[in-house]
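Just below is one structure, and these are the notes that go with it.
Because the structure is a prediction, the values reported are computed rather than measured. These values consider heavy atoms only, across backbone and side chains, with no hydrogens, waters or symmetry-generated copies.
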Amino acid sequence: MGRLGTLVLKGLGLLVLAFIVLSVLATIVGIAINVVMAIVSIVVSLAVLGLVVVGIAWLFSELTADDDSTAEYDTFDRVEDNRDPKARLQERYVAGELTDAEFERELDRVMQSGDAIDRSEHSDVTRSRDVERDRSRR
């Protein structure tokens with residue numbers, strides 16, 4: 001077992017040493033990955049817990065809300081309805097909710113009911129309506 005045996009033993013020792021080094025490196029990498037995954041898991045768990053707490057707080061506030069908040073909206077709606085009917089009609093027309101014919105028909109109805117428009121405004125509106133009609137015919 002001379003020289004060949006020594007060479008085989010050295011090669012085997014080198015192979016065992018390489019195996020040990022690779023095992024240690026794999027263990028270190030595995031530990032690092034586990035630490036990173038644990039941190040990510042904690043962050044995600046805290047985020048989900050925070051969302052659940054915020055959701056429960058929102059639900060609790062919605063269920064225990066007093067009627068003052070809805071009264072505020074009702075008052076706003078009533079104030080909105082107390083506006084000039086002509087102004088509401090013009091806003092609907094500008095928003096595209098009414099066609100020209102619908103706008104004129106509703107405007108005539110408002111004018112006849114005399115809700116909020118005096119006669120001088122009526123003549124101005126009629127004049128501007130006639131101008132618009134002439135423009136559309138061209």
Can you list the other members of the hydrophobic cluster that holds Val94, where links are side-chain heavy atoms under 4.5 angstrom apart?
-> none
Members sharing Leu63's hydrophobic cluster (side chains within less than 4.5 Å) | Trp58, Leu59
To the nearest 0.5 Å, how far apart are CD1 in Ile56 and OG in Ser61?
-> 12.0 Å
Is Arg88 salt-bridged to Glu91, going by a charged N under 4.0 Å from an acidic O?
-> no
Straight-line distance of Asp100 CG to Tyr93 OH, nearest 0.5 Å | 3.5 Å
Side-chain atoms of residues 16-28: list all donor-acceptor pairs with protein atoms under 3.5 Å, sequence neighbours left out, distances to 0.1 Å.
| unit_1 | atom_1 | unit_2 | atom_2 | d |
| --- | --- | --- | --- | --- |
| Ser23 | OG | Phe19 | O | 2.9 |
| Thr27 | OG1 | Ser23 | O | 2.8 |

In this structure, CD of Gln90 is separated from CG of Asp84 (nearest 0.5 Å) by 8.0 Å
Ile39 CD1 to Asn34 CG distance, which is reported to the nearest 0.5 Å = 11.5 Å
Short question: side chain of Gln112, backbone of Arg109 - any donor-acceptor pair under 3.5 Å?
-> no
Joining Ile, Leu, Val, Met, Phe, Trp and Tyr whenever any side-chain heavy atoms lie under 4.5 Å apart, the cluster holding Met37 also takes in Val29, Ile33
Apply salt bridge (charged side-chain N to carboxylate O under 4.0 Å, His left out) to Glu97 and list each qualifying residue two or more places apart in sequence or on a separate chain.
-> Arg92
Of all heavy-atom pairs linking Leu89 and Glu106, the shortest is CD1-CB, 3.4 Å
Between Val110 and Ser113, which heavy-atom pair has the shortest distance, and what is it?
-> O-OG, 2.9 Å
